[in-house]
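Structure first, then comments.
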Amino acid sequence: MVEQILKASEEFGFFQVINHGIPENLMNQGMDVFKEFFEMPTEEKAMLYSEDPKKTCRLSTSSANYDWEKNHLWRDNLRHPCHPLEECIKDWPEKPIKYREVVATFSVEAKKLASRILEFISEGLGLESGYFRDKLSEELSLVVNYYPPCPDPSLALGFSKHCDPNLITILHQGDIYGLQVFKDGEWIGVEPLHNAIVVNIGNQLQIISNNKLKSAEHRVVTNSKVSRTTAAFFISPSDDTIIEPAKPLTDACNSPLYRPFEYKEFLRTFFSNMGNNDLALEPFKLQAKLSI
Ligand SMILES: O=C(O)CCC(=O)C(=O)O
Ligand SMILES: [Fe+2]
């Protein structure tokens with residue numbers, strides 16, 4: 001298991017998990033409330049619509065910055081924090097009636113699964129048990145994506161090429177195809193496996209592993225027939241956490257490839273270079289020392 005996770009995280013930055021411990025009925029109930037939310041009449045959803053990034057629970061169209069993005073995306077999305085649960089649940093949608101109850105349980109299960117996977121990853125990397133516990137994985141937030149059918153899929157993407165900026169992402173992609181991962185210059189489809197969870201390595205895991213694990217670029221294509229609803233739980237460090245390549249992974253032969261920084265500094269650069277992973281990572285890279 002540890003070996004398989006490591007291999008997939010090194011080669012693809014993406015893998016799918018079956019028998020993940022999130023009960024099947026919870027996966028279904030989750031998908032049902034997410035779909036029901038987007039199926040509600042516009043008037044019901046309008047009060048959650050906001051372009052203010054400071055608003056914690058908000059519904060938006062395309063990305064979080066509609067006004068200054070180059071291309072608009074063929075999606076709506078609902079985002080909100082899931083931790084600390086008691087505090088943030090008050091801001092979650094009140095409808096569908098079951099939303100809060102189901103999503104609260106789902107978020108706890110998603111966090112548990114992420115913690116188990118992070119534990120396997122720390123073992124695989126040769127880091128101490130619990131390395132990713134606490135501050136490195138303190139924050140949990142949810143983005144629910146709704147991609148309506150698109151009359152001409154050659155003209156619009158559901159989500160353009162990006163890497164996730166966080167530590168690790170737990171995705172319920174449902175049964176409709178759309179997600180693709182960029183590998184060796186090609187887009188590879190992530191075929192939906194019923195009730196599987198898709199896991200992907202975020203930028204911070206790539207940095208902490210000193211580039212051993214890969215945060216792969218991915219995108220979502222549209223289709224003209226059916227809508228697609230997905231739910232991504234983002235596990236992230238808290239804002240003031242110092243991120244740097246793990247000390248046990250660097251030595252005289254493996255010099256650190258990134259300088260230490262606060263996670264919030266990374267987020268600032270990431271959002272101003274949205275979609276360009278090389279540019280987002282650049283300010284944090286240490287130059288290779290040349291010896292003559
Ligand atoms: O909807 C999907 O399949 C992926 C969504 C995604 O990449 C994201 O929310 O960061
Ligand atoms: Fe993503």
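Proximity of a side-chain donor or acceptor of Asp164 to a complementary backbone N or O of Asn166 within less than 3.5 Å is not detected. Using modelled atom types, one side-chain atom of Asn77 and one backbone atom of Ser62 make a donor-acceptor pair closer than 3.5 Å. The closest donor-acceptor contact from the side chain of Arg79 to the backbone of Thr56 lies at 3.5 Å or more, if one exists at all. Put simply, the side chain of Lys95 never gets that close to the backbone of Ile97: no donor and acceptor are under 3.5 Å apart. Under the 3.5 Å distance criterion, the side-chain polar atoms of Ser107 are left unmatched by any main-chain donor or acceptor of Cys82. The closest donor-acceptor contact from the side chain of Ser209 to the backbone of Leu213 lies under 3.5 Å. Checked by atom type and distance alone, the side chain of Lys214 never pairs as donor or acceptor with a backbone atom of Asn211 at under 3.5 Å. Counting only distance, with no hydrogens or angles, the side chain of Thr105 and the backbone of Glu101 share a donor-acceptor pair below 3.5 Å. For the pair His162 (side chain) and Ser160 (backbone), a donor-acceptor distance under 3.5 Å is present. No side-chain donor-acceptor contact under 3.5 Å links His194 to the backbone of Asp175.
In this structure, the separation between NE2 on His83 and CD1 on Ile89 is 13.5 Å, given to the nearest 0.5 Å.
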Check the pair Lys212 / Glu10 against salt bridge (Lys or Arg N to Asp or Glu O under 4.0 Å), numbers first and verdict last.
-> CA-CA 6 Å; Lys212 190 159 175 13; Glu10 287 172 14; 2.8 Å; yes
Derivation of the salt bridge (Lys or Arg N to Asp or Glu O under 4.0 Å) call for Lys135 and Asp240 = CA-CA 9 Å; Lys135 275 179 89 76; Asp240 61 352; 3.0 Å; yes
CA sep, side-chain torsions, deciding dist, call: Glu3, Lys7, salt bridge (Lys or Arg N to Asp or Glu O under 4.0 Å) = CA-CA 6 Å; Glu3 249 167 58; Lys7 189 160 186 284; over 6 Å; no
Begin with the C-alpha distance, continue with both residues' side-chain angles, and end with the deciding distance and a verdict on side chain to side chain contact (heavy atoms under 4.5 Å, CB included) for Ile201 and Ile121.
-> CA-CA 10 Å; Ile201 303 298; Ile121 290 179; 4.1 Å; yes
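Relative ring orientation between Tyr99 and Phe34 is described as perpendicular, the plane-to-plane angle rising above 60° on a 0-90° scale split at 30° and 60°.
Leu48 is not listed as a side-chain neighbour of Arg58, based on a closest heavy-atom distance of 4.5 Å or more. You'll find the side chain of Leu85 reaches within 4.5 Å of the side chain of Val108, heavy atoms only. Between Phe234 and Leu142, the closest side-chain pair of non-hydrogen atoms is not below 4.5 Å. Put simply, the side chain of Gln16 does not reach to within 4.5 Å of the side chain of Val199, judged on heavy atoms. The closest side-chain heavy-atom distance from Ile197 to Leu171 is not below 4.5 Å. At least one side-chain heavy atom of Asn203 sits less than 4.5 Å from a side-chain heavy atom of Asn277. Asp152 has its side chain within reach of Leu155: a pair of non-hydrogen atoms, C-beta onward, lies under 4.5 Å apart. Side-chain contact between Phe15 and Ile117 is present, with heavy atoms from C-beta onward closer than 4.5 Å.
Ring centroids of Phe14 and His218 are separated by less than 6.0 Å, placing the two rings close together.
Under a 4.5 Å side-chain heavy-atom cut-off, the cluster of Ile, Leu, Val, Met, Phe, Trp and Tyr residues that includes Leu279 has no other member. Grouped by direct or indirect side-chain proximity (heavy atoms under 4.5 Å, Ile/Leu/Val/Met/Phe/Trp/Tyr only), Val221 sits with Leu157, Tyr177. When hydrophobic residues (I, L, V, M, F, W, Y) are linked wherever their side-chain heavy atoms come within less than 4.5 Å, the members clustered with Ile176 are Val226.
Taking every heavy atom of both residues into account, Lys55 and Cys57 meet most closely at NZ-O, 3.3 Å. Between Ala216 and Phe12, the closest heavy-atom pair is CB-O, 3.0 Å. The heavy-atom pair separating Lys111 from Ser137 by the smallest distance is NZ-O, 3.0 Å. Contact detail for Pro245 and Leu257: the closest heavy-atom pair is CG-N, 4.2 Å. Here the closest non-hydrogen pair linking Ala232 and Thr169 is CB-CG2, 4.0 Å. The minimum heavy-atom distance linking Pro260 with Ile242 is given by the pair CB-CG2, 4.0 Å.
Listed by chain and residue number, nothing satisfies the side chain to side chain contact (heavy atoms under 4.5 Å, CB included) test with Gln4 (two or more places apart in sequence, or in another chain). The ring pair (Phe, Tyr, Trp, His ring centres under 6.0 Å) test applied to Phe233 returns Phe106, not counting sequence neighbours. Every residue meeting the side chain to side chain contact (heavy atoms under 4.5 Å, CB included) condition with Phe261, not counting sequence neighbours, appears here in chain and number order: Gln204, Ile207, Ile243, Arg259, Glu265, Phe266, Phe284. In this structure Tyr49 satisfies the ring pair (Phe, Tyr, Trp, His ring centres under 6.0 Å) test with no other residue, sequence neighbours excluded. Applying the side chain to side chain contact (heavy atoms under 4.5 Å, CB included) rule to Ser129 yields the partners Glu119, Arg133; only residues at least two apart in sequence or on another chain are considered. Partners of Pro148 under the side chain to side chain contact (heavy atoms under 4.5 Å, CB included) rule, at least two apart in sequence or in another chain, are Trp74, Tyr146. Applying the ring pair (Phe, Tyr, Trp, His ring centres under 6.0 Å) criterion to Tyr258, with sequence neighbours excluded, gives no partner residue.
A salt bridge between Lys45 and Asp76 is absent, with no side-chain N of the basic residue lying under 4.0 Å from a carboxylate O of the acidic one.
Sorted by first and then second residue, the side-chain hydrogen bond (donor to acceptor under 3.5 Å, both in side chains) pairs with a member in residues 20-42 read Glu24-Asn195; sequence neighbours excluded. Applying the side-chain hydrogen bond (donor to acceptor under 3.5 Å, both in side chains) test to every pair with at least one member in residues 219-236, sequence neighbours left out, gives these pairs: Asn145-Thr230, Gln173-Arg228, Gln180-Arg219.
Among Arg75, Glu69, Lys70, the single residue meeting the side-chain hydrogen bond (donor to acceptor under 3.5 Å, both in side chains) criterion with His72 is Glu69.
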